[in-house]
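In what follows, a structure is listed as structure tokens, so that the remarks can point back to it.
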There are 2 protein chains.
Amino acid sequence: MEDRQDIHNAGVPVLCEACEARHRGICGALSPDQLLGLSKTSSKQKIEAGAELVGDQETIDHYSNVLGGVVKLTKTLSDGRQQIVGLQFAPDFLGRPFRSESAINAEAATDVALCSFPKATIERMMKESPGLEHLLLTQTLKELDEARDWMVTLGRKTAAEKVASFLLLIARNIDPTAQTKSGASFDLPLTRADIADFLGLTIETVSRQLTRLRADGVIRIENNRHVVVDNMSRLEARSGI
Amino acid sequence: MEDRQDIHNAGVPVLCEACEARHRGICGALSPDQLLGLSKTSSKQKIEAGAELVGDQETIDHYSNVLGGVVKLTKTLSDGRQQIVGLQFAPDFLGRPFRSESAINAEAATDVALCSFPKATIERMMKESPGLEHLLLTQTLKELDEARDWMVTLGRKTAAEKVASFLLLIARNIDPTAQTKSGASFDLPLTRADIADFLGLTIETVSRQLTRLRADGVIRIENNRHVVVDNMSRLEARSGI
DNA sequence: CGCCCCGTTGACCTCCCTCAAATTAGGTGG
DNA sequence: CCACCTAATTTGAGGGAGGTCAACGGGGCG
């Protein structure tokens with residue numbers, strides 16, 4: 001919404017030139033023509049941590065690509081108990097296609113960069129190019145796999161294993177070197193309260209388990225948010241694979 | 001595999017005539033030509049309760065439609081802890097497209113009727129008719145919604161609420177009249193052990209919670225497997241919506 | 001009849017939650 | 001740079017929901 005000059009430049013989609021979504025995201029499935037058409041109605045946005053992106057029960061008329069930061073998807077019971085049901089990182093697609101109402105709440109967990117475009121445009125393009133729908137199916141299947149993996153964590157793991165699993169998940173998504181190196185280093189994108197909501201635990205239990213991991217030398221914590229893992233396999237051993 | 005005469009009749013897909021999958025399932029997206037082509041390589045099968053349909057880590061070369069019965073999708077930790085991550089009812093599509101390995105185990109929870117066809121055939125048709133891929137996307141999105149709903153149950157509900165939620169889920173999927181009537185009546189498709197694996201509880205806790213619901217007059221249980229719910233809203237009130 | 005599987009019930013214990021207080025981090029104004 | 005304030009996090013003490021272990025009941029089947 002705010003950087004209008006980007007929209008002006010859209011004659012050639014400068015907007016998209018350096019964009020990650022074109023390589024690993026949804027936009028890679030678009031023809032140059034379509035990309036141009038989409039970029040005309042797109043706008044890059046900066047959202048600050050804590051802001052609500054998609055309200056529960058709210059009508060959705062825009063979709064977005066996550067370009068940076070972390071988005072949390074939450075569900076809430078009527079008495080206020082909350083569960084995070086998914087985290088989205090760049091270059092994930094944000095939005096529930098083919099339904100005007102979402103039963104889910106999306107909120108910026110960190111400062112977030114988005115590229116949004118009207119729902120109608122993308123749904124029209126989906127009819128034109130099957131490749132786009134295919135890519136969307138691929139992402140949805142990936143999210144389904146992740147959701148089911150997390151169901152095991154929620155249903156069958158101990159608090160200690162849950163926290164270790166969470167740290168592994170974040171390390172793999174935030175620190176790009178975590179795949180190759182034996183260690184990792186990253187800022188936690190979630191508060192302790194968010195972590196608790198993600199793991200189905202309380203803040204206190206999360207804190208105690210982190211303390212224990214630190215006391216055992218598996219992780220180091222700096223300024224409450226920054227985590228250093230010297231030996232990833234020691235962390236994996238505690239995640240109850 | 002067994003009823004070969006069905007395959008013979010496939011000049012006109014008699015096999016498909018009365019099939020639910022043609023109306024509410026995947027096959028509804030196929031042209032008559034495609035349906036004919038698919039039916040030539042399809043076979044209806046009866047699987048008995050307990051049989052494994054898709055092994056963990058196993059290569060998948062067939063997909064199926066569930067025509068009857070209930071299939072459970074499970075994941076297992078290395079030490080044997082198990083979690084059911086999904087239940088499939090008719091006319092769900094069974095199989096994980098675009099990946100030759102499944103990280104999931106599929107098992108017949110009850111006696112199951114399937115219609116299977118080669119993976120290659122359906123993937124070719126998917127390229128030809130975008131409608132098929134669209135339907136698959138729709139089902140995948142539905143499964144993702146269900147998985148996320150269940151994550152709330154696993155992460156944030158009490159044992160009592162979990163069991164009530166499970167009974168509601170089954171009533172809605174097994175007893176077609178449960179939507180309209182105020183009551184429901186159905187056979188549980190899962191053993192107590194399966195229910196426990198679905199809810200992230202132990203057998204004993206499931207049993208105790210069922211006993212409690214019965215003692216409170218919310219449900220009646222006959223022969224351990226048959227459940228009668230006189231007043232669905234009383235059950236809903238205990239499911240922690 | 002006896003065996004086996006499934007489900008129920010009871011007694012006990014443990015892990016995690018609850019409640020409360022202390023400590024730290026971060027931001028703001030002097 | 002420091003004092004102050006607020007929110008976030010940690011730590012502690014105690015209790016309860018659900019797990020563990022063990023015994024018992026009942027239906028199906030050889």
Side-chain angles (χ1 to χ4, degrees), chain A residues 48-50 72 77 79-83 109-111 153-167 187-216 219-227 238 240, chain B residues 48-50 72 77 79-83 107 109-111 153-167 170 187-216 219-227 238 240:
Chain A
E48 66 180 16
K72 57 178 183 177
L77 297 175
D79 64 358
R81 282 174 290 176
Q82 202 173 54
Q83 176 69 44
T110 63
D111 289 348
T153 301
L154 289 173
R156 288 301 185 200
K157 291 191 185 173
T158 65
E161 291 168 339
K162 284 180 177 183
V163 171
S165 300
F166 169 75
L167 292 175
D187 276 337
L188 289 176
L190 303 186
T191 64
R192 299 294 187 271
D194 283 339
I195 299 174
D197 282 347
F198 193 37
L199 296 172
L201 299 172
T202 58
I203 321 181
E204 295 93 328
T205 302
V206 171
S207 178
R208 276 185 255 268
Q209 296 301 336
L210 284 172
T211 302
R212 207 150 103 77
L213 283 173
R214 190 179 37 188
D216 294 355
I219 60 173
R220 281 177 286 149
I221 303 182
E222 295 156 8
N223 298 329
N224 281 344
R225 279 296 186 111
H226 193 79
V227 175
R238 289 174 178 246
Chain B
E48 65 180 16
K72 57 177 184 179
L77 297 176
D79 64 358
R81 282 174 289 175
Q82 203 172 53
Q83 176 69 44
E107 195 178 320
T110 63
D111 289 348
T153 301
L154 289 173
R156 287 303 184 197
K157 291 190 185 174
T158 64
E161 291 168 340
K162 284 180 177 183
V163 171
S165 300
F166 169 74
L167 292 174
I170 298 302
D187 276 337
L188 290 176
L190 303 186
T191 64
R192 299 293 188 271
D194 283 340
I195 299 174
D197 282 347
F198 192 35
L199 295 172
L201 299 172
T202 59
I203 318 182
E204 294 92 330
T205 301
V206 171
S207 179
R208 277 185 255 267
Q209 295 301 335
L210 284 173
T211 302
R212 207 150 105 76
L213 284 174
R214 191 179 38 189
D216 294 354
I219 59 173
R220 280 178 286 148
I221 302 182
E222 294 156 9
N223 297 328
N224 281 341
R225 279 295 186 112
H226 192 78
V227 174
R238 287 172 180 250

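Just so it is clear: chains get the letters A, B, ... in the order the sequence lines come, proteins before strands, and each one is counted from 1. As a basis for the values below, the full set of heavy atoms in this structure was taken, side chains included, without hydrogen atoms, waters or symmetry mates.
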Per-nucleotide protein contact string for nucleotides 9-21 of chain C, where B marks a base within reach and S marks sugar-phosphate only (heavy atoms under 4.0 Å, - for neither) = BBB----SSBB--
Only counting residues at least two apart or in another chain, list the ones meeting side-chain contact (heavy atoms from CB on, under 4.5 Å) with B/I203.
->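 For B/I203, the residues satisfying side-chain contact (heavy atoms from CB on, under 4.5 Å) (neighbours in sequence not counted) are B/R192, B/A193.
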Take the protein atom [atom1] of [X] and the nucleotide atom [atom2] of [N], then report the distance between them rounded to whole Å.
X      : N      : atom1 : atom2 : value
A/D187 : C/dG26 : CG    : C1'   : 15 Å
B/N224 : C/dG7  : CG    : P     : 6 Å
B/I221 : C/dG7  : CD1   : P     : 11 Å
B/R225 : C/dC6  : CZ    : C1'   : 9 Å
A/E222 : C/dA25 : CD    : P     : 12 Å

Over 12 foreign heavy atoms within 6.0 Å of [atom1], [X]:
X      : atom1 : answer
A/E222 : CD    : yes
B/D79  : CG    : yes
B/R212 : CZ    : no

Between B/R156 and A/Q83, is there a donor-acceptor pair closer than 3.5 Å when you use the side chain of the first and the backbone of the second?
->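 Such a contact is absent between B/R156 side chain and A/Q83 backbone.
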Any donor-acceptor pair under 3.5 Å linking the side chain of B/R225 with the backbone of B/L188?
->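 Between the backbone of B/L188 and the side chain of B/R225 there is a qualifying donor-acceptor contact (under 3.5 Å).
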Between B/N223 and A/L190, which has a closest nucleotide on DNA chain D that is more 5'?
->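 The residue closer to the strand's 5' end, by nearest nucleotide, is A/L190.
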Search all heavy atoms of B/K157 against all heavy atoms of B/K162 and return the closest pair with its distance.
->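 Closest approach of B/K157 to B/K162, heavy atoms only: O-CE, 3.5 Å.
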Among pairs that include at least one residue of residues 201-211 of chain A, which meet side chain to side chain donor-acceptor pair (under 3.5 Å), considering only residues two or more places apart or in two chains?
->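 As it turns out, the side chain to side chain donor-acceptor pair (under 3.5 Å) pairs with a partner in residues 201-211 of chain A, which skip direct neighbours, are A/T202-A/T205.
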Partners of B/D111 by side chain to side chain donor-acceptor pair (under 3.5 Å), sequence neighbours excluded?
->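 B/D111: no side chain to side chain donor-acceptor pair (under 3.5 Å) contacts found.
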Start and end of chain B contact along DNA chain D [non-hydrogen atoms, under 4.0 Å] =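 It runs D/dG18 to D/dC21.
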Have a look at the helix from C/dC1-D/dG30 to C/dG30-D/dC1 and give the angle its two end axes make, five pairs each, rounded to 10 degrees.
->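 Result, rounded to 10 degrees: 40°.
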Carboxylate-amine/guanidinium contact B/R238 B/D216, below 4.0 Å =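 A salt bridge is present here (some side-chain N lies under 4.0 Å from a carboxylate O).
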Do B/I195 and B/V163 pass the side-chain contact (heavy atoms from CB on, under 4.5 Å) test, and can you show the C-alpha distance, the side-chain angles, and the key distance before you say yes or no?
-> CA-CA 8 Å; B/I195 299 174; B/V163 171; 5.5 Å; no
